[in-house]
Novice: 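Structure below; questions to follow.
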Amino acid sequence: MALDFARMEAKWQDAWYEARINESDPEPGRAKFFMIFAYPGVTGYLHVGHMRGYTVSDAIVRYKLMTGHNVLFPVGTHATGNGAISFARRVERRDPATVDLLTSNGCSEETLSRLTDPVEVVRFFNDVYLNDYWKRFGFMSDWRRFTSTINPDYNRFIEWQMTKLKAQDLLIQKPYFAPACVEHGPVAIDASETDILKGGSAEVLEYTLLKFDLEDGRKLVAATLRPETVFGLTNFWVNPEVEYVDAKVGDETWVVSRPAAEKLALQMDAVEVVSSADGAALMGRRCRAPFTGKMITIFPSVLCDPEVGTGLVMSVPSDAPVDWIGLVELRVDEGAKERYGITEEMIDAASPVPIIETPGYGPLPAVEVTERMGIKSLDDPRLEEATKEVYKTGFHKGVMNSSCGEFAGWAVEQAKDAVREQMIEAGAAAIFYDLSEEVLCRCGSKVFVKKIPDQWFIDYANPRLKEQSKDHARTMRILPREYHDNIQNVLEWYRERACVRLGNWLGTRFPFDRRWIVEAIADSTLYPIHYVLAKYVNDGSVSADGMTEEFFDCVLLGEGDFDSVAEMTGIDVGTLEAVRAEFEYWYPLDINLGGKEHMTVHFPVFLMNHVGLLRPEHWPRGIIVNWYITATGGKISKSKGGAQPIPDAAERFGVDAMRLFYAHIASLYVDVAWEDEKVESYRDRIERIWSFANDLVEMDDGPPADIDAWLRARMQSRLAQAHKHMEQFDVRSYANDVYFEMSHDFRWYLRRGGASKECVRDALRVWTQLMAPVTPHLAEEIWEALGMPRFVSDSQLPKAEVSDNAELEEAKERLLAALMTDISEILKVTSIEPSRMVLMTAPKWKADMLGSALREGESGADVGKLIREAMPNLSPEARKEAPAFAKAVASDVNRMSHEERRRASARIDELEVLSAAACFLKEQFGCDVTVFSADDPKRTDPKGRAKQARPGRPAVYIE
RNA sequence: GCAGGGGUAGCCAAGCCCGGUCAACGGCGCAAGGCUUAGGACCUUGUCCAGAAGUGGUUCCGCGGUUCGAAUCCGCGCCCCUGCACCA
């Protein structure tokens with residue numbers, strides 16, 4: 001009977017949502033479980049990788065639902081930012097890839113024409129996520145609570161959040177340096193290049209500008225990343241072929257390249273270009289270095305790029321390979337020397353000065369490295385590599401030497417900041433930000449780093465907030481464990497974070513200055529709350545207009561009285577009471593699950609905003625981080641393609657197969673490559689279970705047997721394990737037991753002659769229930785075949801009842817299985833075709849001795865004592881064996897772990913068990929099987945195997 | 001730069017926090033047997049090496065250490081990877 005997955009999925013989803021088992025309202029007194037996954041940003045279609053975390057969330061939620069919890073599992077979308085805007089722009093200009101993407105996903109021309117509006121884009125994808133992804137996967141989500149961050153009610157919520165942050169003194173203003181287009185304001189620089197045409201991998205570099213005094217009072221301004229190397233300055237580099245400018249900066253005149261002057265003007269007040277300055281005219285002149293006051297000479301270098309830094313470079317040949325090779329080349333460049341009046345003496349005076357002791361190098365690492373690599377020319381591409389090598393070791397491991405004044409003996413890393421601070425304080429230096437490579441805005445113009453003088457920040461550096469958050473995080477359920485520990489460091493490292501931005505973005509206007517839009521991370525920190533509110537907004541009982549500060553203060557903080565708030569907001573008292581009660585019921589959030597990209601961004605601010613604004617009893621209780629599903633060649637990427645559309649995959653593999661894949665393929669905390677064959681093999685597994693379950697349902701009833709008790713016992717211990725795994729959110733182990741181990745249990749039962757229909761049905765019912773969290777559609781189908789009413793999805797999983805008797809039943813089958821393994825081993829090694837098999841169970845005195853050794857417990861068994869105890873009652877033959885056996889038992893027992901002791905303690909009558917199983921063994925091995933006790937005089941034992949018998953390990957004789 | 005993760009048998013991947021149940025879960029692949037007209041599917045068994053008796057040997061990146069005992073703990077080394085820095 002083949003499974004029609006699509007039909008089965010639709011059938012059950014319709015039925016669940018029709019019966020509204022996915023909806024949840026407060027039930028005072030009943031335990032609740034509130035879980036969300038981090039809502040996705042609206043930037044286009046999602047791919048199969050995204051469904052991993054969502055599916056695991058749903059499995060957890062479904063399990064909670066089946067263990068008595070009132071479950072809240074709402075979903076929404078994060079539309080803040082420019083994702084939808086840039087998508088709409090691509091549609092507008094008929095970008096072929098975008099149009100193709102849409103039409104191949106079944107989007108009509110009419111819809112396409114609507115999607116030039118960003119708000120329509122959000123609306124469109126909200127539907128796609130909801131219907132094609134989450135409902136298509138059968139999630140137990142309360143759809144009435146759907147929300148999106150550009151809804152007016154959500155805007156009110158964020159305004160309130162910002163208001164409260166300000167009231168808590170957690171909003172501060174200070175200057176900020178951000179990449180920006182002159183035309184379009186701030187842009188985001190990221191690898192997916194949503195804002196930009198070019199330069200996604202650029203970084204903002206923090207240069208130190210050092211001012212070198214010329215005799216005429218002007219200042220040559222060099223940009224460096226290594227200000228601490230001022231001690232090793234020997235000369236200055238200026239490009240004679242470049243036009244420089246004199247620029248007035250405050251009351252100083254700086255010489256920099258023209259592009260640098262333009263960039264400086266974006267970052268400093270009152271920068272004014274007054275005249276052009278000729279680079280060539282500076283050659284051979286002298287300038288005074290900042291800090292050390294050393295006089296150095298200006299040399300020509302065509303390597304000074306006017307677009308990089310200030311276009312002027314200071315020279316530290318001891319530690320900068322480029323500077324060293326520059327000097328080497330200059331020395332032999334007669335033309336240049338003559339043209340610019342550079343003398344040998346000048347070059348001699350620029351000899352490298354050792355300043356940093358670098359482990360593994362002599363005093364002049366740059367000289368050493370270039371010589372070792374055989375670099376002789378500035379054209380040598382390996383110069384970059386050489387520079388990296390010297391900088392890396394020098395910066396991280398180097399120590400300033402004795403020529404560095406008060407900094408002698410300092411680690412370079414520390415000296416850098418200290419030297420810079422001192423120079424800035426002395427007016428000899430300034431900070432300058434620049435991009436590491438060219439970045440172009442979508443409009444085509446260049447992006448620069450621009451000073452934003454009045455940027456707003458959320459003050460995550462606030463010590464009280466930080467400490468409270470760290471303390472609370474320690475008490476939270478955070479998985480994986482590594483992140484539970486690491487989040488302490490992340491919180492510690494958190495600083496102020498820009499929380500609003502200028503420019504054309506979707507989002508909430510900043511209540512204290514409407515020009516700004518609340519930034520995308522800052523508006524998604526408290527949002528689990530909004531799912532509670534959204535139910536009332538979506539059903540019309542609360543309108544966005546009514547969501548004033550008083551409203552939120554009232555329902556979320558318990559402030560104000562209902563009557564006056566009702567009057568102010570126009571929301572009736574009953575509704576206000578209900579909203580507050582509902583918030584109090586569901587909050588705090590139990591689990592927030594999200595991808596690993598959230599570890600250093602969303603999760604910390606999610607936590608800190610809760611701690612900063614809400615009462616402690618509402619702080620979140622748990623975080624689960626999921627790693628990614630990757631494409632075989634690397635990351636699945638929307639921009640780079642290769643992403644399999646979710647509905648297509650669902651059609652091809654079946655939703656349950658995908659759900660099982662996500663749940664079982666690996667722990668949540670590793671990346672896993674998506675492979676079609678893997679998913680197919682899970683689909684096969686589902687089909688196999690389906691057909692097996694059908695066989696079980698339809699099997700003929702047979703007589704009761706001993707093995708029935710085993711199957712019942714087995715189900716109970718499986719159930720116990722399953723609960724244990726799920727309580728720890730270990731979905732992978734849970735799935736492993738349910739989908740792989742448990743089918744073996746049923747097979748073993750049948751193989752051992754089990755035939756009780758009632759017993760099988762009881763067990764199958766439990767098995768089906770255990771499948772429901774991960775593969776709910778399959779489970780419902782089996783549930784129905786079992787003739788069970790309603791849904792397995794809202795049935796209650798029984799608690800496990802593991803009795804001592806159940807332990808014994810399991811121990812019996814364990815004995816048999818172990819014995820069969822031993823027999824197989826013997827057969828394999830000896831290649832005997834068995835015709836007769838004699839099994840001899842350990843004599844009673846051995847079992848007694850093991851028992852008494854086990855009773856000694858953790859303290860350890862004593863060989864002498866075991867022997868003394870046993871001797872009086874032993875037969876003469878046994879007396880001969882006893883000492884050796886006692887020794888073996890003592891050493892075995894003393895090495896056993898808890899679990900082993902527990903198992904070994906199960907006292908079963910082996911003779912009886914094996915006698916009852918003789919028939920079965922005969923069938924299995926196709927030979928005659930007889931069973932004796934090892935001390936039975938009637939036994940057949942030509943090879944004298946009997947004395948090998950140990951409890952749990954009967955002696956075997958085969959011929 | 002800041003903060004982290006990892007290297008396990010042919011492949012994927014558990015185990016590592018809490019050392020002994022570990023030749024190391026499970027899956028895939030492969031092999032043998034069963035079932036079947038045949039093939040597929042399915043079931044059972046096996047899959048580091050040796051072995052005519054249930055055993056022994058050698059393994060969990062490398063080296064060293066702690067321990068009666070280490071895949072698991074500690075140190076050093078080699079190699080690989082991730083997240084973040086107003087994309088979300």
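Computed from a predicted model, the values in this text were never measured in an experiment. A, B, ... follow the sequence lines: proteins, then strands. Residue 1 opens every chain.
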Novice: Taking the basic N atoms (NZ, or NE/NH1/NH2) and the acidic carboxylate oxygens, is any pair closer than 4.0 Å for A/Lys943 and A/Glu959?
Specialist: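 Salt bridge between A/Lys943 and A/Glu959, a charged N being under 4.0 Å from a carboxylate O: no.
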
Novice: Any chance the rings of A/Tyr682 and A/His664 have centres within less than 6.0 Å?
Specialist: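 They qualify: ring centres under 6.0 Å apart.
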
Novice: Just to verify, which of A/Ile623, A/Ile487, A/Asn486, A/Val625 counts as forming a side chain to side chain contact (heavy atoms under 4.5 Å, CB included) with A/Met599?
Specialist: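 Exactly one candidate clears the test, A/Val625.
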
Novice: Nearest to the A/Trp493 side chain among B/G5, B/C84, B/A53, which nucleotide is it?
Specialist: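 Output: B/C84.
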
Novice: Counting only side-chain heavy atoms from C-beta out, which of B/A53, B/C86, B/A88 sits nearest to A/Ala498?
Specialist: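 Minimum distance to the A/Ala498 side chain belongs to B/C86.
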
Novice: Of A/Ile452 and A/Thr821, whose nearest nucleotide on RNA chain B comes first from the 5' end?
Specialist: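 Here A/Thr821 is the residue nearer the 5' end.
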
Novice: Go through the steps for A/Tyr39 and A/Tyr527 under the test ring pair (Phe, Tyr, Trp, His ring centres under 6.0 Å), then give the verdict.
Specialist: CA-CA 10 Å; A/Tyr39 50 12; A/Tyr527 72 97; 3.7 Å; yes

Novice: If I take atom OH in residue A/Tyr957 and atom C1' in nucleotide B/A52, what distance separates them, rounded to the nearest angstrom?
Specialist: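 Those two atoms, OH and C1', are 13 Å apart.
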
Novice: Donor-acceptor check, side chain of A/Glu675 to backbone of A/Lys678, threshold 3.5 angstrom: yes or no?
Specialist: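 Not a single qualifying donor-acceptor pair exists.
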
Novice: Closest approach to the side chain of A/Asn489, judged atom by atom: which nucleotide of B/G4, B/U45, B/U82 is it?
Specialist: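 For the A/Asn489 side chain, the nearest candidate turns out to be B/G4.
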
Novice: Side chain of A/Lys828 only, please: which of B/A53, B/G46, B/U55 is the nearest?
Specialist: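 The answer is B/G46, which lies nearest to the side chain.
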
Novice: Can you find a side-chain donor-acceptor pair between A/Asn592 and A/His598 that sits under 3.5 Å?
Specialist: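 Absent: no donor and acceptor within the cut-off.
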
Novice: Measure from the ring center of A/Phe125 to the ring center of A/Phe87 and say whether it is less than 6.0 Å.
Specialist: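 Yes.
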
Novice: Within less than 4.0 Å of OP1 or OP2 of B/U82, is there a side-chain N or O belonging to A/Tyr628?
Specialist: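 Checking A/Tyr628 against B/U82: no side-chain N or O falls below 4.0 Å of OP1 or OP2.
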
Novice: Of the listed nucleotides (B/G83, B/A14, B/A88), which one gets closest to any side-chain atom of A/Lys596?
Specialist: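 That would be B/G83.
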
Novice: Restricting to nitrogen or oxygen on both sides, can you table the protein-nucleotides 24-30 of chain B pairs closer than 3.5 Å?
Specialist:
| residue | atom | partner | partner atom | Å |
| --- | --- | --- | --- | --- |
| B/C25 | O2 | A/Asn736 | OD1 | 3.3 |
| B/G26 | O4' | A/Asn736 | OD1 | 3.4 |
| B/G26 | O2' | A/Asn736 | ND2 | 2.9 |

Novice: Give the rounded distance in Å between these two atoms: OH of A/Tyr494 and C1' of B/A85.
Specialist: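 It is 10 Å, rounded to the nearest whole Å.
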
Novice: Applying the Watson-Crick and G-U wobble criteria at under 3.5 Å, what pairs with B/U66? Answer none if nothing qualifies.
Specialist: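 Because no pair has both required distances under 3.5 Å, B/U66 counts as unpaired.
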
Novice: May I have the distance from A/Leu3 (atom CG) to B/A41 (atom C1'), rounded to whole angstrom?
Specialist: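 Roughly 15 Å, once rounded to whole Å.
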
Novice: CZ of A/Arg474 versus P of B/C17: gap in Å, rounded?
Specialist: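 Whole-Å distance recorded here is 22 Å.
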
Novice: Indicate, with a heavy-atom threshold strictly under 4.0 Å, whether A/Glu206 touches base, sugar-phosphate, or nothing.
Specialist: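 Here A/Glu206 touches no strand at all.
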
Novice: Roughly, in whole Å, what's the span from CG in A/Leu827 to P in B/G51?
Specialist: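 Interatomic distance, CG of A/Leu827 to P of B/G51: 18 Å.
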
Novice: Among the nucleotides B/G51, B/A14, B/U45, which one has an atom lying closest to any side-chain atom of A/Ser667?
Specialist: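 Nearest listed nucleotide: B/A14.
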
Novice: Atom CZ of A/Phe661 to atom P of B/C12: distance rounded to whole Å?
Specialist: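 Whole-Å distance recorded here is 14 Å.
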
Novice: So, is A/Ser831 close to the B/A52 phosphate, meaning a side-chain N or O under 4.0 Å from OP1 or OP2?
Specialist: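 Looking at the OP1 and OP2 atoms of B/A52, neither is under 4.0 Å from any side-chain N or O of A/Ser831.
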
Novice: Test the A/Lys596-A/Tyr628 pair against the cation-pi criterion, namely NZ or CZ under 6.0 angstrom from the six-membered ring centroid and within 45° of the ring axis.
Specialist: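 Cation-pi check for A/Lys596 and A/Tyr628: passes.
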
Novice: Can you tell which of B/G83, B/G54, B/C86 lies closest to the side chain of A/Ala178?
Specialist: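 Taking heavy atoms from C-beta onward, the closest nucleotide is B/C86.
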
Novice: Quick one: label A/Ala38 by what it contacts on the DNA or RNA (base, sugar-phosphate, nothing), any heavy atom closer than 4.0 Å.
Specialist: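 It contacts nothing in the nucleic acid.
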
Novice: From the list B/G5, B/A88, B/G54, which nucleotide is the closest neighbour of the side chain of A/Asp822?
Specialist: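 Shortest atom-to-atom distance from the side chain points to B/G54.
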
Novice: State which of B/A3, B/U45, B/C42 makes the closest approach to the side chain of A/Asn486.
Specialist: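 Nearest nucleotide to the side chain: B/A3.
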
Novice: In this structure, how many angstroms lie between the C1' atom of B/G54 and the CG atom of A/Leu816, rounded?
Specialist: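 Atom-to-atom, A/Leu816 to B/G54, this comes out as 15 Å.
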
Novice: A/Met820 has an atom CE; how far is it from atom C1' of B/U44, in whole Å?
Specialist: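 A/Met820 atom CE is separated from B/U44 atom C1' by 9 Å.
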
